[in-house]
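Only one structure is covered here, and it is reproduced in the block below.
Numbering of ligands and ligand atoms starts at 1, following listing order. Computed from heavy atoms alone, side chains included, the values below leave out hydrogens, waters and symmetry copies.
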Amino acid sequence: MKYLLLWGLIFILAIFIYRVATEIQESAQFKTISLSDLITDSDNIEEVKIKGNKIEGKFKNGELFRSYGIADWGFINELIKKGIKVNVFPEEKASIWKDILIAWVPTLVIIFLFFSLVRGIERGNARAITFTKAKAKMFIPKKENKVTFSSVAGIDEVKEEVMDILEYLKNPNKFREMGVRPPKGVIFIGPPGTGKTLVAKAIANEADVPFFYEVGSSFIELFVGVGSARIRDLFDRARKHSPCIIFIDEIDAVGRSRGAGIGGGHDEREQTLNQLLVELDGIESRGEPIVVIAATNRPDILDPALLRAGRFDKKVYFPLPDLKGRIEIFKVHAKRFKVDENVDFEKVARMVPGFSGADIENMLNEAAIMAVRAKKSKIDEETLMKARDKIIMGAERKNFYITEEQKKRIAYHEAGHTMVAKLYGKEQVEKVSIIPRGKALGVTLQIPKEDIYIMDKDYILKKITILLSGRATEEIIFGSESTGAVDDIEKSTEIAKKMIYEWGMSSLGPIAFKTKDEYVFLGKEVARHEEISEEIAKKLDNEVISIISLCYEKAKSIILENIEKLHNLAKALLEKETLLEKEIEEILTTA
Ligand code: ADP
Ligand code: ZN
């Protein structure tokens with residue numbers, strides 16, 4: 001907003017200067033004479049223009065004149081008789097408006113700008129604030145309720161890695177005396193919700209220094225120069241509060257390779273990035289104890305200049321927590337929520353493979369809400385399970401109306417998934433349900449016993465078969481296809497494509513044929529379009545098709561062989577709507 005105001009003022013000033021200049025120039029050309037002089041001098045007039053009470057014209061010697069007064073008809077007649085060209089115009093009403101506009105518009109613009117500035121600040125309105133939000137959020141460590149290393153769980157390696165930052169901020173002089181090159185740019189790499197902000201905050205609090213928070217995208221503005229000014233402003237403030245930490249979340253918004261993207265570079269981003277580099281380099285020369293931490297999930301697209309030695313040269317990886325990590329994160333957060341002491345955290349952590357720390361926190365929060373609604377005094381395992389289901393699959397939609405016909409189709413579809421998963425995939429099926437949730441009409445919930453880091457080809461093919469068995473069941477039972485399998489089909493096709501194009505599982509051998517990807521090559525971010533000959537492309541596509549059809553046939557044959565079991569499973573589902581693993585196993589073994 002500061003800048004809009006400035007530009008507005010410059011614009012208005014420019015108009016004024018222009019107006020005044022033309023005015024001066026114009027009047028300099030005219031000689032103002034009195035009306036009586038004009039009448040006596042009328043013989044020398046060549047041409048006259050009359051606009052209201054303004055008389056302008058040219059003498060025969062070329063001189064321009066201007067006179068004010070009412071030119072009556074007698075005067076005009078006399079001029080005409082003398083053979084002088086006379087033009088009479090109506091009084092310029094418009095000129096009054098013009099005058100008013102010129103006099104008032106600037107004032108109004110200034111008033112408007114001022115009010116929108118005030119309103120923007122008051123409302124925190126996002127649009128107005130893109131201009132006002134020049135200031136990053138600053139957090140000063142507080143004694144009570146503060147995030148410390150003890151609030152961070154399950155990532156001990158990370159804590160160890162950032163220990164030197166903490167030591168440095170606590171005691172910068174000791175570092176310098178020892179000749180240690182101070183840590184100044186650190187990059188935190190990991191998926192969202194893995195605790196990057198949390199750790200940065202914890203370091204600030206442990207070191208008892210202020211913490212500046214800004215999101216990378218807030219440096220990206222439409223106007224060139226705004227982003228870099230904001231970077232400068234941020235570092236200026238930080239310098240006043242050093243030692244301190246500057247945390248820039250989602251650095252990739254600014255830090256993308258320069259000269260990348262469609263239509264060449266992005267001027268604004270380039271300037272902003274350059275400013276960031278200048279400020280980073282400045283820290284070193286001034287020897288200020290400022291540590292800049294940047295977070296990203298896409299280190300591959302960052303400009304190499306950012307990662308050069310002396311800039312963001314320290315990388316800390318934040319993985320998704322493993323089982324042990326998840327247990328610890330549950331325990332840390334359980335202190336804040338009222339969790340029943342009988343809850344088995346290992347069991348709960350096993351239910352949520354792939355959950356980040358933020359997901360776990362969210363799940364506990366959801367469970368707490370559910371416990372309050374159910375008038376429970378504490379969060380028990382059952383509530384935690386419900387919260388997990390809501391997060392993974394969406395909220396139950398109990399009042400969602402569905403015809404018996406459609407319900408039957410959904411029941412068979414899910415029963416198909418479940419049966420093939422159990423009999424052929426030897427997988428766990430935690431539960432199967434035909435209660436609509438989120439946008440899904442039914443779900444088969446498969447949670448692996450262990451975290452999966454690597455998959456073999458056999459496992460992948462079985463996965464595809466399980467995914468396709470919903471559609472296969474519909475075809476067998478109803479003799480027709482439906483749109484209910486859209487997600488399954490999308491997912492299985494994607495996996496099959498990955499097998500062939502990325503994982504080197506085609507008959508052509510261990511070759512990656514990734515067709516499109518962004519990556520950094522020699523400092524340039526490029527979209528790679530792998531040169532694949534038409535002949536090979538055809539072959540690869542055929543392999544994808546054959547994987548899918550093979551798996552689909554497999555699914556159908558399993559279903560046909562076990563059709564009685566399928567009927568029983570579907571019947572039970574229609575009756576109970578949700579079946580747990582034990583019930584599923586019972587039905588599958590007795591039939
Ligand atoms: P990121 O910055 O990586 O996207 P955050 O640090 O903002 O993630 O994490 C969001 C929230 O998730 C934190 O406030 C915290 O409640 C929880 N969280 C994430 N990781 C952890 C962890 N390792 N230990 C405890 N809580 C965590
Ligand atoms: Zn399905």
Under the salt bridge (Lys or Arg N to Asp or Glu O under 4.0 Å) test, residues paired with D456 that sit two or more places apart: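 Counting only residues at least two positions away or on another chain, D456 forms no salt bridge (Lys or Arg N to Asp or Glu O under 4.0 Å).
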Do you see an N/O/S atom of D488, backbone or side chain, under 2.8 Å from the Zn ion (ligand 2)?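 D488 does place an N, O or S atom closer than 2.8 Å to the Zn ion (ligand 2).
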Face-on cation placement of K462 at Y424 ring, 6.0 Å and 45° thresholds: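 Yes, a cation-pi geometry holds between K462 and Y424.
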Cationic N near anionic O, under 4.0 Å, E586 to K582: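 Looking at E586 and K582, the cut-off is not met.
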Sorted by first residue and then second, give each salt bridge (charged side-chain N to carboxylate O under 4.0 Å, His left out) pair with at least one member in residues 147-158; sequence neighbours left out.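 Every candidate salt bridge (charged side-chain N to carboxylate O under 4.0 Å, His left out) pair involving residues 147-158 fails, so no pair, neighbours aside, qualifies.
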Quick one: salt bridge (charged side-chain N to carboxylate O under 4.0 Å, His left out) pairs with a partner in residues 401-420, sequence neighbours left out?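 Non-adjacent pairs meeting salt bridge (charged side-chain N to carboxylate O under 4.0 Å, His left out): K407-E577, R409-E474.
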How far does CD1 of I489 sit from CG of L467, to the nearest 0.5 angstrom?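 Here the interatomic distance stands at 10.0 Å.
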Nitrogen or oxygen contacts under 3.5 Å, ligand 1 side and protein side:
residue: ligand 1; atom: 2 (O); partner: T197; partner atom: N; Å: 2.9
residue: ligand 1; atom: 2 (O); partner: T197; partner atom: OG1; Å: 2.5
residue: ligand 1; atom: 3 (O); partner: T194; partner atom: N; Å: 3.2
residue: ligand 1; atom: 3 (O); partner: G195; partner atom: N; Å: 3.1
residue: ligand 1; atom: 3 (O); partner: K196; partner atom: N; Å: 2.9
residue: ligand 1; atom: 3 (O); partner: K196; partner atom: NZ; Å: 2.8
residue: ligand 1; atom: 4 (O); partner: G193; partner atom: N; Å: 2.8
residue: ligand 1; atom: 6 (O); partner: K196; partner atom: N; Å: 3.4
residue: ligand 1; atom: 6 (O); partner: T197; partner atom: N; Å: 3.2
residue: ligand 1; atom: 6 (O); partner: L198; partner atom: N; Å: 2.8
residue: ligand 1; atom: 8 (O); partner: G195; partner atom: N; Å: 3.3
residue: ligand 1; atom: 12 (O); partner: A358; partner atom: N; Å: 3.3
residue: ligand 1; atom: 20 (N); partner: G195; partner atom: N; Å: 3.4
residue: ligand 1; atom: 23 (N); partner: A153; partner atom: O; Å: 2.8
residue: ligand 1; atom: 24 (N); partner: A153; partner atom: N; Å: 3.0
residue: ligand 1; atom: 26 (N); partner: H333; partner atom: NE2; Å: 2.8

